[in-house]
> 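The structure follows.
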Amino acid sequence: MGAVKGEGALDGGWGWIIVVASFMAQFLSSGSPQSVGVLYPEWLSAFQEGKGVTAWVGSMVSGMALITSPVCSVCVDNFGARPVTVFSGVMVAGGLMLSAFAPSVSFLIFSYGIVVGMGCGLVYAATLTITCQYFDKRRGLALGIVTTGTSAGGFIYATLQNELIELFGLEGCLLIIGALALNLMACAGPMRPMNLPGYYLKQRAALQHTEEPEPLYTKPTAIIIDSFLDLKTTPGSANNIAAMKLLITMEPTELQESEGERNGGISSCSIVARAIKKRMRPYRRYLCKTIELLQDRVFMAFCIAIFLFSLGAFPPVLFMEDVAQSEGLIDGIALIPLVSIVALTTGIGKLVLGVLADMQWVNSLYLYALTLIGTGLTLLLIPVFKSYLGLQVLSAMVGFCSGNWSITSYITTKMVGMERLSHAHGILMCFGGFGITLGPPVVGWFFDWTQSYDLAFYFSGTCVLVSGLFLFLATLPCWNRTTGEGDSPPEKDVNISQQNHTLDCDKVASVA
């Protein structure tokens with residue numbers, strides 16, 4: 001498995017091949033989940049379940065992709081982006097093909113929601129990590145192009161799935177989409193790692209250790225025995241003399257074993273305890289790093305904002321097409337569904353916001369908060385407009401502001417550094433995954449309760465608006481001046497924060 005080394009590999013060269021491969025990987029994996037709103041009415045008519053229950057399928061496929069982000073990040077760190085992308089292709093394709101034979105909504109939640117969702121999470125973690133490794137100065141632009149793959153997939157797959165349903169039915173549509181997803185394995189080919197992943201380093205170290213020749217002769221270790229006081233040697237005691245010779249020529253490990261035999265079960269229990277402690281050490285280290293990240297005020301505010309944004313912004317994308325049909329604003333299925341409009345404008349938003357994030361005079365964190373506020377205000381206006389044209393305009397606005405996903409990794413890198421990007425990004429996506437998983441069922445239950453989407457959209461808009469205001473207020477520089485009035489001087493606090501790779505308000509104000 002080759003690895004690219006050297007700073008010359010950054011911001012160009014093979015990095016653009018990585019961008020193209022990552023774009024296509026996200027296009028193939030997230031195309032159907034991003035346009036699941038087209039499949040939602042078909043599942044409603046096929047299984048005759050409530051909107052709240054059926055909404056679990058769409059929420060699980062996006063929620064699982066984000067909830068499992070910590071696990072996916074660990075997989076990428078240990079095995080690399082290429083093997084993870086190959087395995088994800090099998091999962092996505094298999095889940096889509098299984099969904100074609102689903103007998104109930106419960107089976108769909110497993111096959112489409114969990115299996116496809118975890119596959120998408122693996123692709124998302126692999127493509128973002130490998131892109132961040134290859135780019136530094138142009139990282140915002142590169143991430144914007146890569147994450148646009150999900151939007152392009154949602155735009156094309158929305159129309160494609162409509163046509164396939166008309167020609168081959170729902171089952172044939174899912175089988176064909178699953179076959180297309182097998183091309184993910186081809187996208188994994190160009191993903192050469194910058195450095196060898198942890199698993200391969202461990203295997204190399206183990207191989208080198210086994211290849212070392214054993215010494216022909218090992219000098220016995222002389223040991224002074226103080227603990228065996230019960231061996232009282234006498235000039236005429238042959239047994240004691242033999243025992244002393246045995247102890248002198250014993251190796252340290254053998255001596256420990258003999259002492260363990262004397263101590264009985266206590267020594268064996270301590271050995272088991274040490275082995276368990278050694279096995280649990282990486283997990284304790286991971287937990288300590290997680291707690292350290294969550295103790296940072298700005299990072300924690302970012303996590304809460306992503307949770308509220310995901311809770312409120314994803315359900316309208318899933319239900320938008322059903323809203324138009326329920327209100328009688330359109331007959332049948334439009335040539336360009338609202339889901340396609342959202343996906344297209346999301347792609348444009350990702351590119352524009354990615355370019356803006358690379359500008360030195362733009363604060364990327366405040367830019368993210370501004371997009372949250374814009375999304376919240378737009379969602380609050382949806383119940384007011386009772387025309388299909390109005391829904392198209394609002395869908396475009398929601399899609400453009402939702403392009404802020406492209407700068408999430410960019411902001412995270414500025415917060416915690418490249419070394420802890422995978423860990424921190426996994427935590428953020430886990431918060432977002434819980435929001436996406438809970439949002440559509442809650443909105444569906446609102447509809448089942450009131451037989452109207454108005455209250456549901458008011459709930460969604462309020463959640464997103466609160467998330468933007470909360471993030472903006474939590475990252476104001478005034479908080480740093482307030483904490484600087486303590487015992488330690490502000491300059492010392494800033495230096496300590498920089499050493500720990502954490503952000504305070506003054507550092508956030510300088511995020512580009």
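Values below: all heavy atoms of this structure, side chains included; hydrogens, waters and symmetry mates excluded. Bear in mind the structure is a predicted one, so any value in this text is a computation, not a measurement.
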> Report, one line per pair, each donor and acceptor closer than 3.5 Å where one atom sits in a side chain of residues 367-374; sequence neighbours left out.
from, atom 1, to, atom 2, distance (Å)
T371, OG1, Y368, O, 2.5
T371, OG1, N404, ND2, 3.0

> Identify all side-chain donor-acceptor contacts of residues 298-306 below 3.5 Å with residues at least two apart in sequence or on another chain.
none

> If you compare all heavy atoms of A93 against all heavy atoms of L182, which two are closest, and at what distance to 0.1 Å?
CB-CD2, 3.4 Å
> Rounded to the nearest 0.5 Å, what separation is found between the CG atom of L96 and the OG atom of S99?
6.0 Å
> Is any side-chain heavy atom of L160 closer than 4.5 Å to one of I177?
yes
> Under the criterion side-chain contact (heavy atoms from CB on, under 4.5 Å), I'd like the reasoning laid out for I145 against W16: C-alpha separation, chi angles, the key distance, then a yes or no.
CA-CA 10 Å; I145 296 174; W16 294 116; 4.3 Å; yes
> Quick one: CD1 on I382 to CZ on F457, what's the gap to the nearest 0.5 Å?
4.5 Å
> Is the count of non-hydrogen atoms from other residues, nucleotides or ligands lying under 6.0 Å from M97 atom CE greater than 12?
yes
> Looking only at heavy atoms, which two atoms of A25 and T127 are closest? And how far apart?
CB-CG2, 4.0 Å
> Taking the ring of F27 and the ring of Y157, is the distance between their centroids below 6.0 Å?
yes
> Enter the distance from S460:OG to L311:CG here, rounded to the nearest 0.5 Å.
7.0 Å
> What is the minimum heavy-atom distance between M91 and L122, and which atoms define it?
SD-CD1, 3.9 Å
> So do V115 and L98 actually touch side chain to side chain, heavy atoms under 4.5 Å?
no
> Please confirm whether W56 and Y112 have ring centers closer than 6.0 angstrom.
no
> Could you grab the distance from atom CD1 of I436 to atom CE of M60, nearest 0.5 Å is fine?
12.0 Å
> Can you name the residues that form a side-chain hydrogen bond (donor to acceptor under 3.5 Å, both in side chains) with S30, not counting sequence neighbours?
none
> A side-chain contact here means heavy atoms from C-beta on lying under 4.5 Å apart; do Y410 and L353 qualify?
no
> Tell me whether the count of non-hydrogen atoms from other residues, nucleotides or ligands lying under 6.0 Å of CZ in F307 goes above 12.
yes
> Check the pair T462 / V466 against side-chain contact (heavy atoms from CB on, under 4.5 Å), numbers first and verdict last.
CA-CA 6 Å; T462 302; V466 169; 4.2 Å; yes
> Measure the shortest side-chain to side-chain distance between F101 and L175 over non-hydrogen atoms and say whether it is less than 4.5 angstrom.
yes
> Test your reading of the model: is there a side-chain donor-acceptor pair from T129 to the backbone of A126, 3.5 Å cut-off?
no
> Nearest 0.5 angstrom please: K414 NZ to S364 OG, how far?
7.5 Å
> Check whether any side-chain heavy atom of V146 lies under 4.5 Å from a side-chain heavy atom of K350, and answer yes or no.
no
> Would you name the heavy atoms of L394 and T378 that are closest together and state the gap between them?
O-CG2, 3.6 Å
> Please tell me if the side chains of V57 and Y40 come closer than 4.5 Å, counting only heavy atoms from C-beta onward.
no
> Given side chains that start at C-beta, do those of S32 and L39 come closer than 4.5 Å, heavy atoms only?
yes
> Going through the distances and angles, do T346 and F155 end up as a side-chain contact (heavy atoms from CB on, under 4.5 Å)?
CA-CA 9 Å; T346 299; F155 175 75; over 6 Å; no
> If I take atom CE from residue M191 and atom CD from residue Q133, how far apart are they, to the nearest 0.5 angstrom?
11.5 Å
> Show the nearest heavy-atom pair for residues R82 and P190, with the distance to one decimal.
NH2-C, 4.4 Å
> Is there a side-chain contact (heavy atoms from CB on, under 4.5 Å) between L351 and V355 once you walk through the steps?
CA-CA 6 Å; L351 290 175; V355 173; 5.6 Å; no
> For F434, does the CZ atom sit with more than 12 other heavy atoms under 6.0 Å from it, leaving out its own atoms?
no
> Less than 4.5 Å apart, any side-chain heavy atom of V19 and any of F135?
yes
> I'd like to know whether OH of Y458 has more than 12 heavy-atom contacts from other residues, nucleotides or ligands below 6.0 angstrom.
yes
> State, to 0.1 Å, how close A100 and E171 come at their nearest heavy-atom pair, and which atoms those are.
O-CG, 3.1 Å
